[in-house]
Amino acid sequence: MASSRRQYPFHLIEPKWQQTWEQQQAFRAFNPGDSVPNGHPFGVRHDLSGKVADRKVLPPKFYILDMFPYPSGAGLHVGHPEGYTATDILARYRRAQGFNVLHPMGWDAFGLPAEQYAVKTGQHPRKTTEENIANFTRQIKSLGFSYDWSREIATTDVDYFKWTQWIFLKLYNSWFNPVRNKAEPIETLEYPPELRSAGVGQASRLSQTPNVSSEDRDRRDACPTDLEAARRAYRDSKRLAYKAMAPVNWSPDLATILSNEEVEEWESKGFKIERKQMPQWMLRITAYAEKLLTDLDTIDWSDSLKEMQRNWIGRSEGAEVDFAIADCQLPIADSKIRVFTTRPDTLFGATYMVLSPEHKLVPQITTAEQKKAVEDYQAYAASKSDLERTELAKEKTGVFTGAYAINPVNGEKIPIWIADYVLASYGTGAIMAVPAHDERDFEFAKKFNLKINIVVTPPESWLRAHALPALKTEALSELQRMWSEGAIDANNNVLTDAFAKAPAFCDEGFVCNSANSEISLDGLPTAEAKKKIAAWLEEKGLGKKTVNFKLRDWLFSRQRYWGEPFPIIWKKDVAGNLYHEALPESALPVLPPTLEDYKPTPDGQPPLARAKDWVNLPDGSMRETNTMPQWAGSCWYYLRYLDAKNANAFVGKEAEAYWMGAGQLNELNELHGERVKSGSGPHLTDLTNHPFNSTPGVDLYVGGTEHAVLHLLYARFWHKVLFDLGYVSTPEPFFKLVNQGLILGEDGQKMSKSRGNVVNPDDILKEFGADAFRLYEMFMGPLQDTKPWSTKGVEGVYRFLGRVWRLFVDEKAQTAFEQAETTAATPNQELLDHILLDGAITDDAATPAQLKTLHACIKKVTEDLDGMRFNTAISAMMEFVNAALHWQTKPLAVMKTFLQLLAPFAPHLAEELWARLHSTFGQRAPSLPYGAWPKFDPALLVESEIEIPVSVNGKMRDVIKVAADADNAALETAAKASEKIKAFIDGKPLKKVIIVPKKMVNIVVG
RNA sequence: GCGCACGUGGCGGAAUUGGCAGACGCGCCAGACUUAGGAUCUGGUACCGCAAGGUGUGAAGGUUCAAGUCCUUUCGUGCGCACCA
């Protein structure tokens, strides 16, 4: 039911232009070396029609990227078109400015829902995926976006995931060289001395090689029995893709593991997730932690997004310190416990030590008396998921191991505890506890009655606020003395009153009670004490400065069917031990097998293990049965778009250099300087405004904030590896990134089925058309903001488009059209021929006032587009239309220019009116999308007479009209001459007159 | 708790570097045209006041001739992280 009369026939106009664009391949982007078809509007614009577009003649590039969607069964929601419309408007704007715009779309198509559906129904996930893609395609195309569909990709395409597997091979066959600080082919990895020559059994000494971390040692569960195996193990331990036992997030419901980053999402959906040790493929993202952190400074992302990545990477500087185990019966290598601390300056205050329950030394150091308690506690800790651990974190728990360590600075024997507030996966899995200066240690020490030694004196304000009430003294020096003696007097386990009531002091202060016969930190500020103690520890071989990251290596395998199979096979060595080997590139793509049943095997193997013929190869080796996570495909899709059909490489070198290349400005000025000056190329300002010198990679990337730490961190990591290996030319993939804000329901709540406030884009399109939908999404407010949906608001912009229509169209012809339409059997585009232009549109010259209105609009729209302020750009066009509706005559040139401004926002309507405007005047319509963007003429905006506000004592009292070039004296005279102003200043002594030329006058009186 | 962002009419939001607060749109009020209006057009619309005028950008201070904008304190909202030693 048509609830109300259509504002204009968008139902005919929109399909018409979408068909036209598709037939023309109007938005195809040309790579260096492509032939530009004769008559293609891009070729016509850039003088490349029918020519080969080599690198030297192509205009500068602009790469505008959307985060490609996961094609879910639910179809598009209103959040998708928000970002897509913003990028489409900018793509059309840059195209009009003369850039070669790359604006592609594709599908992040692997994913669990299609697989779950397959498990339930037996329908192949590919079929489900393709149906969903078809629906998404229909919806997205109906919005009239100017995507280059010839570059469409899906991560599930064989031709696509072949290259995902290829990149995995690059990761597998590379290591991170710490000396050169970059990834290199594994062949450049030198073996340690003991592996260079023959010598069976020497490999076991690896465990003492200083720069092999404890993780590396854990990784080798089986002792190599010959040199070859030892070498293989060594290499495997260094690869960027490696196999390791890892604590994983196992979901018994999903029968797969999840990355740390994914846990929350699935847990919130009600899936159970447990911690479990399993062998998994890992990607060594931690090798890039430092680069991923520091390179954030080189890219144009929002502060909050950068901050999220910084938090996730979690860099902290500190020191590792070794604590000897007292009365130790263990072999030398294990007789000490290493801890990581950010506060080595408080080492004298370390009164006990805590290991994570999973720490590998726990069984060895635990005394017989404590054995049962310790094992019970370990079982208790293992039974809790990460979520439970944090939720139950209110009360500290732990048990004493019975063992003691020696504090290296004062020789004190301190008890070793285990507690789950110490995480196995961070630092060394062990801490020195300084209860006086760490809240968690303080809480633990109070609960278990452990000794608390004060080693930092707080500033006076803190002392007075927290310690004074109990200490009962006013003198600062006395206060400090009593404070610093407070805990020592405590008979080793009884707190003084002063201390019991104060919280732990965890900030920086001045060190006290920290001296031995060799070193004293007393009196030093925290920062200096850190340096001094670190130097001393290093000199004594007791520890060293280190940097720690929260970031862990990326758990890269999943026990699923619907993902990229690994290009890896497993073989047995002479001793019968399994080892892995990469397939050669010629073996790619590795296709998943055909299955009848997509469930995991009954014995818990991934679904791929069901395909015995596929798994077992003729030579006796076996295929890897894990698959890659969904994130793999999205790590590099922006590169495939550059050269989507390339059968020989993941991306061609020339295409990559052109679209991703940085530092183009000089080259471009040289290449285009002449054309810029002659006006045929992009405007010079367009080039210089565009930061080519610093723009590596994608010029603009728009998407939701939900990918702040997952996709965006993973993609940056892969890109950096590819950069190190010489496959891409920039260190960062996405130069500028903008997060679109969430669209809430009409009620201000997040849209959800259960609330019944979900807006379906198809419904909006049907009632208001694509142009109105696009316009509304942009008019709602700033792109980045969270904002509620309002269908009334859609009607508002829809009415605006109706006013645009009526600005151009003859009223009687419109009535004739409507009558013809009601009698027509089916809607058809020929009905549009009833439409005639308003007779007020003439070829006459524009009046100065009309030009001023137009150029104010050009200026505002252009500036707002540069700043991505779409909402105010639309306001500016509304103002133009509101003014133009009152014009007696509507000059053709003015109306054309307005349509060019409107075109990026409402392209269908603009095209229709553009075409009619030209045909009515017997002109051949040049391409609207490739027409040069209008330039505003500042001279036209200059006023001869301007209005100036006049204030008295800072309060606005009147507005005076003066000549635009009036000098200060004239302004002052005019201001004082105002009757209203006189009323406020007469009879009062004049103190001061402030005049800002062309802005305001402020008269200050007594 | 820590970090980041942000508080402006009945609502979404404007206000480039401190310089006429509330552009534009929604809603609402009045009118015009109409058999009709959920179409269209015109006018009005921050608050108090008949008016002159006064008051207003979460709150309280401060800087300034001038503050939504800068500074301090405080309250509130959203997002992220959360025993990371």
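Here is how names work: the chains are called A, B, and so on, in the same order as the sequence lines, proteins then strands, and each is numbered from 1. Predicted model only: the values in this text are computed from it and were never measured.
- Within the 4.0 angstrom heavy-atom criterion, only backbone atoms of the sugar-phosphate kind lie near A:T786; the bases stay farther away.
- Distance noted for atom C1' between B:A23 and B:G13: 10 Å (whole Å).
- A:G796 comes within 4.0 angstrom of sugar-phosphate atoms only, judged by non-hydrogen atoms across all strands, and of no base.
- Listed by first and then second residue, the salt bridge (Lys or Arg N to Asp or Glu O under 4.0 Å) pairs that reach into residues 421-433 of chain A come to none, sequence neighbours excluded.
- B:G58 and B:U77 are spaced 10 Å apart, taking the C1' atom of each and rounding to whole Å.
- Taking atom CG of residue A:L775 and atom P of nucleotide B:G12, one finds them 20 Å apart after rounding to whole Å.
- With distances taken from any side-chain atom of A:S875 to the nucleotides B:U16, B:C24, B:A85, the minimum falls on B:C24.
- Heavy atoms of A:M1000 sit under 4.0 angstrom from at least one base atom.
- OP1 or OP2 of B:G25 lies within a sub-4.0 Å distance of a side-chain N or O belonging to A:N882.
- For B:G53, the paired nucleotide is B:C48, the pair qualifying as Watson-Crick or G-U wobble because both relevant distances are below 3.5 Å.
- Residue A:K787 is classed as a sugar-phosphate contact, given heavy-atom separations below 4.0 Å to backbone atoms only.
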#### Entry: Test salt bridge (Lys or Arg N to Asp or Glu O under 4.0 Å) applied to A:R315 and A:E290, step by step
CA-CA 8 Å; A:R315 183 182 195 275; A:E290 193 77 51; 3.1 Å; yes
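- Across all strands shown, A:Q7 has heavy atoms under 4.0 Å from sugar-phosphate atoms exclusively, and none from any base.
- For A:R716 and A:W312, the positive end is not near the middle of the six-membered ring at less than 6.0 Å and at most 45° from its axis.
- Within the nucleic acid shown, A:V1004 comes within 4.0 Å of sugar-phosphate atoms alone, with no base atom in reach, counting heavy atoms only.
- At least one side-chain heavy atom of A:I743 sits under 4.5 Å from a side-chain heavy atom of A:M780.
- Glycosidic conformation at B:G62 (O4'-C1'-N9-C4 for purines, O4'-C1'-N1-C2 for pyrimidines): anti, more than 90° from 0.
- Rounded to whole angstrom, the span from the CG atom of A:D507 across to the P atom of B:C2 amounts to 10 Å.
- Within the nucleic acid shown, A:H886 comes within 4.0 Å of sugar-phosphate atoms alone, with no base atom in reach, counting heavy atoms only.
- Look at the P atom in both B:C41 and B:G25: the space between them is 11 Å, to the nearest Å.
- Between A:L971 and A:V993 the shortest side-chain heavy-atom distance does not fall below 4.5 Å.
- When the C1' atom is used for both B:C28 and B:G10, the distance is 9 Å, rounded to whole Å.
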### Task
For A:F448 and A:Y352, run ring pair (Phe, Tyr, Trp, His ring centres under 6.0 Å): C-alpha distance rounded to whole Å, both residues' side-chain angles, the deciding distance at 0.1 Å, then the answer.
CA-CA 11 Å; A:F448 294 104; A:Y352 65 100; 9.0 Å; no
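- Comparing the same atom, P, in B:U69 and in B:U64 gives a spacing of 16 Å after rounding to whole Å.
- To the nearest angstrom, C1' of B:C24 lies 16 Å from CZ of A:F880.
- B:U17 is unpaired under the Watson-Crick or G-U wobble criterion, no partner having all donor-acceptor distances under 3.5 Å.
- Rounded to whole angstrom, the span from the NZ atom of A:K792 across to the P atom of B:G38 amounts to 10 Å.
- Distance CZ (A:R799) to P (B:G25): 10 Å, rounded to an integer number of Å.
- No hydrogens or angles were tested; on distance alone, a donor-acceptor pair under 3.5 Å links the side chain of A:N1002 to the base of B:C65.
- Residue A:L744 contributes atom CG, which lies 12 Å from atom C1' of B:C79 at whole-angstrom precision.
- Comparing the same atom, P, in B:A39 and in B:U45 gives a spacing of 22 Å after rounding to whole Å.
- Counting to the nearest Å, the P atom of B:G54 and the CZ atom of A:R957 are 4 Å from each other.
- B:G53 and B:G3: their C1' atoms are spaced 48 Å apart (whole Å).
- A:K955 comes within contact range of the sugar-phosphate backbone alone, with a heavy-atom separation under 4.0 Å but no base atom that close.
- Among the heavy atoms of the strands, none lies under 4.0 Å from A:R310.
- Distance from the side chain of A:R803 is smallest for B:C41 among the nucleotides B:G12, B:C41, B:C83.
- Separating the C1' atom of B:A5 from that of B:G56 is a span of 26 Å, rounded to the nearest Å.
- Across all strands, A:S951 comes closer than 4.0 Å to no nucleic acid atom at all (heavy-atom distances).
- Across the protein-nucleic acid pair, A:N953 atom CG and B:G54 atom P stand 12 Å apart, rounded to whole Å.
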